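The structure appears right after this line, and notes come after that.
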Amino acid sequence: MAMSKDKKKSLSQLGEFGLIEQLTKDIKIKNSETIKGVGDDAAVLNFDGKNTLVSTDLLVEGVHFNLAYQPLKHLGYKSAVVNFSDIYAMNGFAKELVVGLAVSNRFPLEAIEEIYAGIKLACQIYDVDLVGGDTTSSMSGLVLSPTVLGSVEKGKTVYRDGAENNDLIVVTGDLGGAYMGLLILQRENEVFKVNPQHQPDLSPYSYVIERQLKPEARKDIPKLLRDLDVQPTSMIDISDGLSSEILHITKQSGVGAIIYENKIPVDPQTVLVAEEFKISEITAALNGGEDYELLFTIKQSDYDKIKGNPHFTVIGHITSDEGAYLVTNDNQKLELKAQGWNAL
Ligand code: ADP
Ligand code: MG
């Protein structure tokens with residue numbers, strides 16, 4: 001069968017977001033319960049007046065994780081936590097989890113139990129019930145696919161497309177650490193391959209390694225926002241790097257953004273490791289990904305409610321013209337590009 005030119009485009013040319021767009025652009029919603037389908041951190045469904053949130057992830061050995069340096073328990077923990085993060089990104093509360101699992105027979109039972117110990121620990125800490133899943137064999141390594149369900153009051157749901165001109169851009173926590181942790185782990189893994197006797201002292205890197213291997217999602221933020229009486233105008237979680245996430249918000253909201261290099265929150269250890277690798281910690285924050293902090297916008301009139309709160313940093317504001325820019329410390333205006341994680 002002849003294929004159109006468009007179809008011949010390779011997947012890597014399309015990119016992850018291009019592929020999703022191609023696959024989903026003709027989907028028409030049939031059920032009135034479906035409030036929001038493809039295009040946000042989670043789908044939003046309305047049954048009996050309350051919004052239910054659903055989000056799924058797929059983690060593949062050798063693509064998303066490397067068992068040479070990723071302990072199985074941490075892997076299980078991380079797979080659940082990053083999934084919960086998409087619910088918090090909708091200003092919701094994670095409630096139930098189902099887990100798809102494909103394993104090759106090179107794994108002993110103990111290994112699978114380790115993964116599950118991590119998943120169960122995450123469910124315990126995040127108050128989520130593990131309610132099902134599916135288990136099968138795999139010819140090409142371990143595959144984990146968690147799906148989380150959450151809930152949110154109808155009027156409190158926050159989407160990616162609600163940012164407006166002059167809104168303030170806020171991030172939680174600090175950024176760039178998870179990527180620096182990955183660079184350390186990859187470096188030590190290379191050394192270990194050459195010299196298995198090598199026993200590295202990783203204590204100076206404990207924070208960034210933990211950010212990579214055992215990240216935490218911001219379960220506390222939806223509650224904190226309610227306590228402070230702040231309703232964000234848009235929100236997303238930072239899984240692919242700050243640049244990519246800002247561009248999701250600006251594109252979907254039809255606005256632009258300006259952020260300031262000297263406002264981007266970075267942990268001192270992230271700065272030290274970045275120096276060691278001779279890269280800028282800001283590059284790690286913008287393009288590194290996997291920090292699982294939240295990025296959101298608020299009305300200027302809500303600024304006093306978050307001012308001085310140690311969980312929040314205002315890094316810039318929304319503009320009416322298109323394009324998202326970083327103002328550097330030497331006052332250059334650079335256009336933000338989505339160089340973050342691209343699955344393809
Ligand atoms: P996130 O980074 O928050 O997990 P993604 O970039 O993975 O979000 O997905 C963006 C949107 O596209 C989401 O609404 C997601 O449900 C949807 N999506 C991703 N892959 C597919 C697919 N294969 N089929 C349908 N929808 C998809
Ligand atoms: Mg997300």
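Atoms within each ligand, like the ligands themselves, are counted from 1 in listed order. Here the structure is a predicted model, which is why all the values come from computation and not from measurement.
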Is atom 22 (C) of ligand 1 close to the protein, meaning a heavy atom under 4.0 Å from it?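 No, there is no protein heavy atom closer to it than 4.0 Å.
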Is at least one protein non-hydrogen atom found at under 4.0 angstrom from atom 3 (O) of ligand 1?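 It does; a protein heavy atom is within 4.0 Å.
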Under 4.0 Å to a heavy atom of [X] - the qualifying atoms of ligand 1, by number:
X: S239; value: 2 (O)
X: F17; value: 6 (O)
X: G39; value: 11 (C), 13 (C), 14 (O)
X: D86; value: 3 (O), 4 (O)

Verify the distance criterion only: is there a donor paired with an acceptor across the side chains of [X] and [Y] at less than 3.5 Å?
X: E261; Y: T328; result: no
X: Q212; Y: K78; result: yes
X: Y77; Y: E216; result: yes

How open is the angle at the Mg ion (ligand 2) from atom OD1 of D237 over to atom OD1 of D41, rounded to 10 degrees? 90°
Could you establish whether R160 and ligand 1 come within less than 4.0 Å of each other, counting only heavy atoms on the residue side? yes
CG of L59 to CG of L101: how many Å apart, nearest 0.5 Å?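 Separation between the atoms: 11.5 Å.
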Separation between OG1 of T319 and CG of N165, rounded to the nearest 0.5 Å: 6.5 Å
Contacts of type salt bridge (Lys or Arg N to Asp or Glu O under 4.0 Å), residue E114, not counting sequence neighbours: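 With sequence neighbours excluded, E114 shows a salt bridge (Lys or Arg N to Asp or Glu O under 4.0 Å) to no residue whatsoever.
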Ranking D57, L19, I20 by closest non-hydrogen atom to atom 20 (N) of ligand 1, top hit is I20
Near the Mg ion (ligand 2), is there an N/O/S atom from D86 that is less than 2.8 Å away? yes
With sequence neighbours left out, the residues meeting side-chain contact (heavy atoms from CB on, under 4.5 Å) with E276 are R187, Y205
Salt bridge (charged side-chain N to carboxylate O under 4.0 Å, His left out) for D302 and K299? Distances and angles first, verdict last. CA-CA 5 Å; D302 280 338; K299 293 258 149 279; over 6 Å; no
Starting from [atom], locate the nearest protein heavy atom and write down its residue, its atom name and how far away it is, to 0.1 Å.
atom: atom 13 (C) of ligand 1; result: D40 O, 3.2 Å
atom: atom 25 (C) of ligand 1; result: T24 CG2, 3.4 Å
atom: atom 7 (O) of ligand 1; result: E16 OE2, 4.0 Å

Residue pair D127, K219: steps toward the salt bridge (charged side-chain N to carboxylate O under 4.0 Å, His left out) verdict: CA-CA 10 Å; D127 284 320; K219 174 181 195 273; 3.4 Å; yes
Before signing off on this row, confirm whether D240 and ligand 1 have an N or O atom pair separated by under 3.5 Å. no
Return a yes/no value for V38: is any of its N or O atoms, backbone included, closer than 3.5 angstrom to an N or O of ligand 1? no
Taking the six-membered ring for Trp, is the centroid-to-centroid distance between F296 and F312 below 6.0 Å? yes
